[in-house]
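This report concerns only the one structure given below.
Everything quoted here is computed from the prediction, not taken from an experiment.
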Amino acid sequence: MFFLIKSLTLIISDNIKKIEEYAFHNASYNKVFIEKNVEYIDSTAFGTCNIKDGIEVHIENQYYKSINGILYTKDGKKISIFKDGTWNF
């Protein structure tokens with residue numbers, strides 16, 4: 001039996017502090033939500049990942065934020081992850 005999942009949101013829970021290399025490589029999600037305790041996201045963690053509606057970050061996260069579905073460092077100076085999962089070094 002096969003199931004078609006039309007809406008998939010990835011929630012990175014509060015007990016996760018680091019998202020290591022290739023953690024979600026080549027996956028596809030409608031949305032990714034990053035909780036407040038995530039401190040580090042490896043540059044390859046979302047490599048070639050399609051995130052249709054973008055990334056959302058908990059408002060209390062001290063390291064990252066999102067604007068229009070794009071992940072930024074908290075100070076907003078560096079775009080970290082685009083919706084297509086590519087990383088900006």
> Taking all non-hydrogen atoms of both residues, which atom of K65 and which atom of G76 are closest, and how far apart?
Replying inline: CE-CA, 3.6 Å
> What do you reckon, is CD of E39 surrounded by more than 12 foreign heavy atoms closer than 6.0 Å?
Replying inline: yes
> Rounded to the nearest 0.5 Å, how far apart are NZ of K36 and CD of E60?
Replying inline: 4.5 Å
>> Could you measure the distance from the CG atom of N50 to the CG atom of N30? Nearest 0.5 Å is fine.
In response: 9.0 Å
>> As a test of understanding, state which of L10, I11, I55 forms a side-chain contact (heavy atoms from CB on, under 4.5 Å) with I34.
In response: I55
>> Could you go through I12 and E35, starting from their C-alpha distance and side-chain angles, then the distance that decides it, and tell me whether this counts as side chain to side chain contact (heavy atoms under 4.5 Å, CB included)?
In response: CA-CA 6 Å; I12 309 297; E35 284 285 358; 5.6 Å; no
> With under 30° as parallel and over 60° as perpendicular, where do the rings of F46 and F24 fit, or are they tilted in between?
Replying inline: parallel
> Hey, any chance L71 and Y63 share a hydrophobic cluster, counting ILVMFWY side chains that come within less than 4.5 Å of each other, even indirectly?
Replying inline: yes
Which side-chain N or O atoms in residues 13-22 pair as donor and acceptor under 3.5 Å with protein atoms at least two apart or in another chain?
unit_1 : atom_1 : unit_2 : atom_2 : d
S13    : OG     : N15    : OD1    : 2.3

> How many angstroms lie between OG1 in T9 and CZ in F33, if you round to the nearest 0.5 Å?
Replying inline: 10.5 Å
